[in-house]
Amino acid sequence: MEQKKEYDLITGCDRGLCKAAIGRQDRQLNTYDWLADVPGNADQTDLVEVQFKHTRKGYYHNVNNLPLKKGDIVAVEANPGHDIGVVTLTGRLVKLQLKKANLKSADDIKRIYRIARQIDMDKFREAKAREHSTMIESREIAKGLGLQMKIGDVEYQGDGNKAIFYYIADERVDFRQLIKDLAAAFHVRIEMKQIGARQEAGRIGGTGPCGRELCCATWMKNFSSVSTGAARLQDISLNPQKLAGMCAKLKCCLNYEVDDYMEAGKKLPSKEVVLQTLDADYYHFKSDILAGMVTYSTDKNVAANLEVITAERAKAIIEMNRHGEKPESLQEDGRVQEAKGPVDLATQESINRFDKAKKKKKHKPKKRQDAQKPSHHRP
């Protein structure tokens, strides 16, 4: 029971659901170990993936051959001292994760000391309890120094000997004096780590406009640049409020389907080409890229006599026009659509045409006062 409480302190989930990749782990950047049930998977390598606060992960050698499983709380080598983290992956998949991490040197892979003991967890809890107050006080110190930066998060090392300050800054910041003031205030070793807006959103977490957890807080490790060109290729409205994510940057998901849209867009005819028939000229109005359908209008600026045809049919008509031929209609069956002019809302019926007609009240004829009065005629 005590072990479960300690695990919940770090992960917030039950160890029985996490250790063998049976269910989703309640942690950011979760990795589903689909090789967990393969015999001998853990014997392939001594590398272990360990996760710390939010999205920070590290890779370590299990030099002591500990029987580690997903969800175990371990004490790992740090500089200086040791840190406390949770095992999130073991076996062959760790090698694949190392490639994504882009570790520049093998020296970055340190050792796992032991499975966390009670004294380790006591120090860990004490250090974690100081993080929020440290962040608030550090913001005041940075503001007092006039530094143009925002300290978004503070993470204490498991033994409490070191603290990492994550900050955001648009320009280069000289924080030498800040480090001295922070060391004097908190009496720990200070490490400043600059992060971007997307990384901050990943550390904080949240729910995106799609209704799901943020990608940067659940599975994304590497952030690629996103441009408005990705929205143009997908015919998405260039509305800054809709294109921006929780981090106020362009949504990362704009890049997910760009390759498919680029491949599908190559099969569509040019938007500048005018299709000529015996009756009229048709101009490009809109395209359904993935469906391969193109809509044409007889007017350049407004929707008039809209015709929806396939990209193959449009290319066939373009080829006919090049040879001086004009089809009867854009449709393959030669059906000619009844001509309709552009819709003008100003010429439509009254907007009150749907209102219920008021019932006319029947007015009773008024009695003439002269008829009621007796006539006084002298003889």
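Just so you know, these numbers come straight off a predicted model, no measurement behind them.
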- Walk me through it: do D122 and R117 pass the test salt bridge (charged side-chain N to carboxylate O under 4.0 Å, His left out)? CA-CA 9 Å; D122 292 340; R117 299 176 296 195; over 6 Å; no

- Query: Passes side chain to side chain contact (heavy atoms under 4.5 Å, CB included), V154 versus R130? Steps please.
  - Reply: CA-CA 9 Å; V154 176; R130 301 166 54 189; over 6 Å; no

- Side chains of T277 and S329: closer than 4.5 Å at any heavy-atom pair?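 Sidechains of S329 and T277: no contact.
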
- Task: Please tell me if the side chains of S287 and T295 come closer than 4.5 Å, counting only heavy atoms from C-beta onward.
- Result: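 A side-chain contact is absent here, since even the closest heavy-atom pair is not under 4.5 Å.
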
- Message: Walk me through whether I115 and I73 qualify under side chain to side chain contact (heavy atoms under 4.5 Å, CB included).
- Response: CA-CA 6 Å; I115 294 178; I73 306 173; 5.8 Å; no

Strictly below 4.0 Å, N to O, side chains only: are [X] and [Y] in salt-bridge contact?
X: K326; Y: D279; result: no
X: D120; Y: K123; result: no
X: K53; Y: D153; result: yes
X: E307; Y: R313; result: no

Donor-acceptor contact present, side-chain [X] to main-chain [Y], <3.5 Å:
X: N255; Y: S225; answer: yes
X: Q199; Y: G196; answer: yes
X: S297; Y: V302; answer: yes
X: D159; Y: H82; answer: yes
X: D288; Y: G292; answer: no
X: Q157; Y: P80; answer: yes

For the student: nearest non-hydrogen atoms of [X] and [Y], plus distance:
X: I141; Y: A185; answer: CD1-CB, 4.2 Å
X: G160; Y: V188; answer: O-CG1, 3.4 Å
X: G152; Y: M135; answer: O-SD, 3.4 Å

- Please identify each residue that fulfils side-chain hydrogen bond (donor to acceptor under 3.5 Å, both in side chains) with E200, with sequence neighbours left out.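 Residues passing side-chain hydrogen bond (donor to acceptor under 3.5 Å, both in side chains) with E200: K150.
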
hydrophobic_cluster_shared for [Y] and [X], side chain cutoff 4.5 Å:
X: L290; Y: L268; result: yes
X: Y167; Y: I179; result: yes
X: V48; Y: F52; result: yes
X: I195; Y: V173; result: no
X: V226; Y: I168; result: no

More than 12 foreign heavy atoms under 6.0 Å from [atom1] of [X]: is that the case here?
X: K57; atom1: NZ; answer: yes
X: K315; atom1: NZ; answer: yes
X: L278; atom1: CG; answer: yes
X: Q177; atom1: CD; answer: yes

- Task: Assert yes or no for the condition that the ring centre distance of F124 to Y156 is strictly below 6.0 Å.
- Result: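 F124 vs Y156: aromatic centres not under 6.0 Å.
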
- Going by the angle between their ring planes, with limits at 30° and 60°, are Y256 and W219 parallel, tilted or perpendicular?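 Tilted.
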
- Task: Evaluate the side chain to side chain contact (heavy atoms under 4.5 Å, CB included) criterion for residues I190 and K180: first the C-alpha distance (whole Å), next the side-chain angles of each, then the deciding distance (0.1 Å), finally the verdict.
- Result: CA-CA 9 Å; I190 306 298; K180 295 179 181 179; over 6 Å; no

- Does R203 count as lying over the ring of Y166, i.e. NZ or CZ under 6.0 Å from the six-ring centre, within 45 degrees of the axis?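 Yes.
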
- Message: Applying side chain to side chain contact (heavy atoms under 4.5 Å, CB included) to E263 and D260, what does each step give before you reach the verdict?
- Response: CA-CA 5 Å; E263 290 297 325; D260 291 336; 5.7 Å; no

Going by atom type alone, with no hydrogens or angles, which donor-acceptor pairs under 3.5 Å involve a side-chain atom of residues 236-247 and a protein atom two or more places apart or on another chain?
from, atom 1, to, atom 2, distance (Å)
N239, OD1, Q241, N, 3.1

- Message: Between E213 and T218, do the side chains contain a donor N or O and an acceptor N or O under 3.5 Å apart?
- Response: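 There is no such pair (donor and acceptor under 3.5 Å, judged by atom type) between the side chains of T218 and E213.
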
